[in-house]
*Asks:* 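Below you'll find the structure I mean.
Per chain, numbering begins at 1; letters A, B, ... match sequence-line order. Heavy-atom basis, side chains included; hydrogens, waters and symmetry copies ignored.
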2 protein chains.
Amino acid sequence: MRWEELDREPCSLARALSIVGDRWTLLVLRECFLRVRRFEEFEQRLGIARHVLADRLKKLTDAGVLAKVPYQERPRREEYRLTEKGLDLYPVMLTLLDWGDKWMSGPEGPPVLRRHKTCGHVVHAVHTCSECGEPLDARSMTVERGPGAPAAVKAEGGAGS
Amino acid sequence: MRWEELDREPCSLARALSIVGDRWTLLVLRECFLRVRRFEEFEQRLGIARHVLADRLKKLTDAGVLAKVPYQERPRREEYRLTEKGLDLYPVMLTLLDWGDKWMSGPEGPPVLRRHKTCGHVVHAVHTCSECGEPLDARSMTVERGPGAPAAVKAEGGAGS
DNA sequence: GCCAGTAAGTTCTTTTTCTGAACTTATGTC
DNA sequence: GACATAAGTTCAGAAAAAGAACTTACTGGC
């Protein structure tokens, strides 16, 4: 399978990975969530090759995750801001962060803590069911064909002989 | 920055990405969560080069995300199973899946649905605060130095002049 | 008007990684 | 003894990333 074909796979994970499943992209997005918006600032903070940064910003912009917003004219300069689609990646970041905190920290503990403004506590995310509110785990879930499944696969389970 | 340095960054996201932030790794893990365990089955389902598959399985095993378990002797054959650390990546998969469902599906809807055995509904994950139970979003969170922060950064905010 | 500076890239060369195909090892079956 | 199977390893060529230099379009000082 080629990388460019990934967004056409009948799998939301593959499609999500076609955008964020790359070495640098999630680190660029981490900076976005830390309010970094300008080309040079991304470059300095990440130590990424300018070439690769330009490519990733373009891909994220084309994908609708970031938007280019002019912050001055003459000379025209543009910065990159998270769109609604991009902001919606926050749970992905948070979930990866929590996993890293739990499994990749040394004995001292995690390097960064996240505090919930609303309640004032240092927190992590709990992944609960949108319908019943119980915590979700791998064993309590089953998968089934969805409305966007390709016809061939659809026939297999539905109108089979 | 080099890929191999990523796991030493004082950032849980970078550390998590040092394991799962790669083209193929999350697709391999997707198959693991679908109960795929053998080399050939990964290869056939993913269309991945054997060389790359061997490398990813080794890296995941070295990282403690998968474990090699013999399923027969003479000839000895081993399969790959998710460890506790690996199973704990389920929320990461789920969160990426939900994002893909929401933003990468066509007008028909997502290709696959997930049903919660416990309540019987088609569900998605809601990311709630471990302390107060409210849903979490980017704007309601702040970050601060944690106990595992490197000394230099630690001094900056703590014992500053 | 000319030179230095700045932000946001683009171009180029070298190194690394990936793809695709063939080969290896240890064994079991016809 | 020839062929099959599972789990890899090895190799050549293609694609992508790293690192450094170059480009564009302007501003501000002299």
Side-chain angles (χ1 to χ4, degrees), chain A residues 1-9 14 17-29 31-32 35-63 66-81, chain B residues 1-9 14 17-29 31-32 35-63 66-81:
Chain A
M1 185 179 11
R2 279 282 163 66
W3 198 227
E4 315 88 56
E5 302 163 22
L6 210 54
D7 59 341
R8 273 161 275 153
E9 288 270 304
L17 291 178
S18 73
I19 294 180
V20 300
D22 144 280
R23 265 182 215 227
W24 282 112
T25 302
L26 278 169
L27 291 173
V28 169
L29 287 170
E31 299 304 315
C32 292
R35 306 284 192 277
V36 171
R37 291 174 178 166
R38 297 189 188 174
F39 192 91
E40 296 241 318
E41 202 177 354
F42 284 112
E43 192 209 350
Q44 284 157 25
R45 293 177 58 109
L46 291 170
I48 185 175
R50 302 175 72 86
H51 180 247
V52 178
L53 176 58
D55 179 74
R56 289 307 177 282
L57 289 171
K58 183 170 187 333
K59 280 183 178 155
L60 286 169
T61 305
D62 290 349
L66 299 179
K68 269 177 114 159
V69 180
Y71 66 90
Q72 69 173 43
E73 303 288 340
R74 314 185 39 100
R76 186 183 182 84
R77 299 265 191 260
E78 301 179 297
E79 60 182 22
Y80 296 88
R81 293 200 190 205
Chain B
M1 185 179 14
R2 280 283 163 66
W3 198 228
E4 314 88 56
E5 303 162 23
L6 210 52
D7 58 342
R8 273 161 275 153
E9 289 269 304
L17 291 179
S18 74
I19 294 180
V20 300
D22 143 282
R23 262 180 217 229
W24 281 113
T25 302
L26 278 170
L27 291 173
V28 169
L29 287 170
E31 299 304 316
C32 292
R35 306 281 192 279
V36 171
R37 291 174 178 164
R38 298 190 187 174
F39 193 92
E40 295 242 318
E41 201 176 355
F42 284 111
E43 192 209 349
Q44 284 159 24
R45 293 176 58 107
L46 291 170
I48 184 175
R50 302 175 72 86
H51 180 246
V52 177
L53 176 59
D55 178 73
R56 290 305 179 281
L57 289 171
K58 182 170 187 335
K59 280 183 178 155
L60 286 169
T61 305
D62 290 349
L66 299 180
K68 268 178 115 159
V69 180
Y71 67 89
Q72 69 171 43
E73 302 290 339
R74 315 185 38 98
R76 187 183 182 84
R77 299 264 190 259
E78 300 179 298
E79 60 182 20
Y80 297 88
R81 295 200 189 203

*Asks:* From C/dC12, D/dG8, C/dT19, pick the nucleotide closest to the side chain of B/A49?
*Replies:*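 For the B/A49 side chain, the nearest candidate turns out to be C/dT19.
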*Asks:* Which pair of heavy atoms, one from A/F42 and one from A/V28, lies closest together, and at what distance?
*Replies:*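 Looking at all heavy atoms of both residues, the closest pair is CE2-O, 3.5 Å.
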*Asks:* So what does A/Y71 touch, heavy atoms closer than 4.0 Å: a base, only the sugar-phosphate, or nothing?
*Replies:*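 If one applies the 4.0 Å heavy-atom cut-off, A/Y71 turns out to touch the sugar-phosphate alone, with no base involved.
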*Asks:* Return a single string for nucleotides 21-30 of chain D, one symbol per nucleotide in 5' to 3' order, where B is base contact, S is sugar-phosphate-only contact and - is none, cutoff 4.0 angstrom on heavy atoms.
*Replies:* B----SS---
*Asks:* Of all residues at least two apart in sequence or in a different chain, which pass the side chain to side chain donor-acceptor pair (under 3.5 Å) check with B/E73?
*Replies:*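 Counting only residues at least two positions away or on another chain, B/E73 forms a side chain to side chain donor-acceptor pair (under 3.5 Å) with B/R76.
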*Asks:* Mind checking A/Y80 for me? I need base, sugar-phosphate or nothing, with any heavy atom below 4.0 Å counting as a touch.
*Replies:*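 Here A/Y80 touches the backbone only, sparing every base.
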*Asks:* For the pair made of CZ in A/R56 and C1' in D/dA17, what is the distance, rounded to whole Å?
*Replies:*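 Roughly 8 Å, once rounded to whole Å.
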*Asks:* What does B/E78 touch in the nucleic acid at a heavy-atom separation under 4.0 angstrom: a base, only the sugar-phosphate, or nothing?
*Replies:*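 Counting heavy atoms under 4.0 Å across all strands, the contact made by B/E78 is with sugar-phosphate only.
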*Asks:* Run the side chain to side chain donor-acceptor pair (under 3.5 Å) test against A/E31 and tell me which residues pass, sequence neighbours left out.
*Replies:*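 Here the qualifying residues are A/R45.
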*Asks:* Report yes if a side-chain nitrogen or oxygen of B/K58 is closer than 4.0 Å to either non-bridging phosphate oxygen (OP1 or OP2) of D/dA7; otherwise report no.
*Replies:*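 For D/dA7, OP1/OP2 do not have a side-chain N/O of B/K58 under 4.0 Å.
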*Asks:* Please enumerate all residues that pass side-chain contact (heavy atoms from CB on, under 4.5 Å) together with A/Q44, with sequence neighbours excluded.
*Replies:*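 If we apply the side-chain contact (heavy atoms from CB on, under 4.5 Å) test to A/Q44, skipping adjacent residues, the hits are A/E40.
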*Asks:* Find the distance A/D55:CG to C/dG9:P and express it as a whole number of Å.
*Replies:*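 After rounding, the gap between these two atoms is 12 Å.
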*Asks:* Go through the structure and list residues passing salt bridge (Lys or Arg N to Asp or Glu O under 4.0 Å) with B/R23, not counting sequence neighbours.
*Replies:*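 Testing B/R23 for salt bridge (Lys or Arg N to Asp or Glu O under 4.0 Å), a comparison that skips the adjacent residues, returns none.
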*Asks:* A/R38: what forms a side chain to side chain donor-acceptor pair (under 3.5 Å) with it, not counting sequence neighbours?
*Replies:*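 Counting only residues at least two positions away or on another chain, A/R38 forms no side chain to side chain donor-acceptor pair (under 3.5 Å).
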*Asks:* Give the rounded distance in Å between these two atoms: CG of B/L53 and P of C/dT17.
*Replies:*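 About 18 Å, once rounded to whole Å.
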*Asks:* Counting any heavy atom closer than 4.0 Å, what does B/V52 reach on the DNA or RNA strands: base, sugar-phosphate only, or nothing?
*Replies:*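 Base contact.
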